[in-house]
Protein chains: 2
Amino acid sequence: MSATRWLDDEEQRAWRAFIRMHGRLSARLNRQLQADSGLSLADYEVLVQLTDAPDGRLRPFELQRGLQWEQSRLSHHLTRMQRRGLVAREECDEDGRGAVVALTDAGRRAIVAAAPGHVDTVRRLFLDELTRDQLAMLRQVSDQVLARLDATTEAGG
Amino acid sequence: MSATRWLDDEEQRAWRAFIRMHGRLSARLNRQLQADSGLSLADYEVLVQLTDAPDGRLRPFELQRGLQWEQSRLSHHLTRMQRRGLVAREECDEDGRGAVVALTDAGRRAIVAAAPGHVDTVRRLFLDELTRDQLAMLRQVSDQVLARLDATTEAGG
DNA sequence: GCGGCCTAGATGATGCATCATCTACCTGGA
DNA sequence: TCCAGGTAGATGATGCATCATCTAGGCCGC
């Protein structure tokens, strides 16, 4: 490796501010969700995916693609959500290896109850703080970085 | 609460892209650090703070302010780092309640070894992807949101 | 129709994050 | 001087994230 190019002042500040902002924001969102509806942000995201799916049913690997989670994280998380009655696991007819995850009534009720407060908090703490231009740029930046992440394999990075 | 203002299309996309980008980016950074130097991102940040401190020593509450972590997270984390020999806990002369966290030689060696690869990865996966304007915008947005987070108490939010 | 390889998913171990709670010490006022 | 409240920090329990590994069924060429 050649000599390290350390971060200059502006890079340093931007990078640290970004990391810290995300950390604190997600902590707050988590706390609000947890306190008001007993769901974690992770639960919420799983439930959103299932709600958007026809019949409230998805194969775990579809869920995985939608969430971009690690497979084992998803599997463990589903186990916990199943234990709490938010989702159910069913057998899959088309593929003997597979499973189907189904939103339960309790799961549907939970997300319906949680959504307004969560959306409101996202607005108050984040979206309302940004101009429309800033929002567009943020999306642009996020998409660029995501493309970069997709493009680089684990090797070296 | 009044009727929920749901997210419009652009808000939805920007918000989700942002969340996903951060999640995947930090996962990659963590893996790289872990694989190449056996440190987590959290370890790294603690070590950075200590390295920047005079004499490699800080009170836990100073560390906490620098990192903006929860107190108990920090305490647990220090316990683990202490067990691995990266930091040491000492008694505090000025304040009988307090402690002092000191960077050990092993800790110093660990971060010196880890830094180049980490900085390089941050560049390759993130900074190099952004224009200078985008970087400035990101910092601006992060600071705005952080100010918002500071301004709102836990109550309601 | 069976050997190798792939994909779908579960699981045990371990480290991490958070919550609630606890101890010990400091500080200011009656 | 003593007690009330506040600050510094540690700790046990619990849920979460990741790694390595495992099972089982699908798929393909021979």
Side-chain angles (χ1 to χ4, degrees), chain A residues 22-46 58-84 86-102 154, chain B residues 22-36 38-46 57-84 86-102 154:
Chain A
H22 180 279
R24 296 231 286 140
L25 178 58
S26 67
R28 284 286 281 277
L29 291 175
N30 243 311
R31 252 195 288 275
Q32 178 272 326
L33 257 184
Q34 194 73 55
D36 293 355
S37 21
L39 297 178
S40 68
L41 206 42
D43 297 330
Y44 187 89
E45 286 172 24
V46 171
L58 283 174
R59 299 284 302 272
F61 77 89
E62 296 173 305
L63 216 33
Q64 190 190 339
R65 266 149 226 258
L67 296 164
Q68 304 222 16
W69 283 5
E70 301 232 334
Q71 183 270 320
S72 110
R73 171 183 180 188
L74 177 61
S75 183
H76 281 298
H77 205 95
L78 289 175
T79 300
R80 289 188 297 266
M81 291 182 75
Q82 183 180 24
R83 201 176 315 153
R84 291 190 289 150
L86 297 170
V87 302
R89 278 199 243 238
E90 302 171 352
E91 289 201 355
C92 179
D93 297 336
E94 297 91 57
D95 190 333
R97 298 165 297 183
V100 177
V101 179
E154 293 300 315
Chain B
H22 180 279
R24 294 231 285 140
L25 178 59
S26 67
R28 284 284 282 277
L29 292 175
N30 243 310
R31 252 196 288 275
Q32 178 273 327
L33 258 183
Q34 194 73 55
D36 293 355
L39 296 178
S40 68
L41 205 42
D43 297 330
Y44 187 89
E45 286 173 25
V46 170
R57 253 161 248 271
L58 285 174
R59 300 282 304 271
F61 77 88
E62 296 173 305
L63 215 34
Q64 191 191 338
R65 267 149 226 257
L67 295 164
Q68 304 222 17
W69 283 6
E70 301 233 334
Q71 183 269 320
S72 112
R73 173 184 179 186
L74 177 61
S75 182
H76 281 297
H77 204 96
L78 289 174
T79 300
R80 289 188 298 265
M81 290 181 76
Q82 183 179 23
R83 201 175 323 162
R84 291 190 289 151
L86 297 170
V87 303
R89 278 199 244 236
E90 301 171 352
E91 290 200 355
C92 179
D93 296 336
E94 298 92 57
D95 189 333
R97 299 164 296 185
V100 176
V101 180
E154 292 300 315

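A note on names: the letters A, B, ... follow the listed sequences, proteins ahead of strands, and every chain is numbered from 1.
When only modelled atom types and interatomic distance are considered, A:N30 and A:Q34 share no side-chain donor-acceptor pair under 3.5 Å.
Read 5' to 3', the first and last nucleotides of DNA chain D with an atom closer than 4.0 Å to a heavy atom of chain A are D:dC16 to D:dG26.
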Let me have a per-nucleotide readout for nucleotides 23-28 of chain C, 5' to 3', with B, S or -, counting only protein heavy atoms under 4.0 Å. -BBS--

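Annotation for A:P60 and A:V101: closest pair CG-CG2, 3.9 Å, computed over non-hydrogen atoms. The two residues A:A99 and A:C92 make their nearest non-hydrogen contact at N-CB, 3.9 Å.
B:H76 comes within contact range of at least one nucleobase, with a heavy-atom separation under 4.0 Å. Using a 4.0 Å heavy-atom criterion, one finds that B:R89 contacts the sugar-phosphate atoms exclusively. Among the protein residues, B:Q71 comes within range of the nucleic acid bases, having at least one heavy atom under 4.0 Å from a base atom.
A:W69 is listed as a side-chain neighbour of A:V46, based on a closest heavy-atom distance under 4.5 Å. Side-chain contact between B:D95 and B:R59 is present, with heavy atoms from C-beta onward closer than 4.5 Å.
Each of A:A27 and A:T79 lies near DNA chain C, and the nucleotide nearest A:T79 is the one positioned closer to the 5' end.
Judged by distance alone, the side chain of A:R89 and the main-chain N or O of A:V100 form no donor-acceptor pair under 3.5 Å. Remark: side-chain polar atoms of A:E45 are not paired, donor with acceptor, to backbone N or O of A:A42 under 3.5 angstrom.
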Using the salt bridge (Lys or Arg N to Asp or Glu O under 4.0 Å) rule, take B:R84 and B:D43 through it: C-alpha gap first, then chi angles, then the decisive distance, then the call. CA-CA 11 Å; B:R84 291 190 289 151; B:D43 297 330; 2.7 Å; yes

Run the numbers on B:S40 and B:H77 for side chain to side chain contact (heavy atoms under 4.5 Å, CB included), then give the verdict. CA-CA 11 Å; B:S40 68; B:H77 204 96; 4.1 Å; yes

Decide salt bridge (Lys or Arg N to Asp or Glu O under 4.0 Å) for A:R28 and B:E70; before the verdict, give the C-alpha distance in whole Å, the side-chain angles of both, and the deciding distance to 0.1 Å. CA-CA 12 Å; A:R28 284 286 281 277; B:E70 301 233 334; over 6 Å; no

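Within residues 57-67 of chain B, no residue has any heavy atom under 4.0 Å from DNA chain C.
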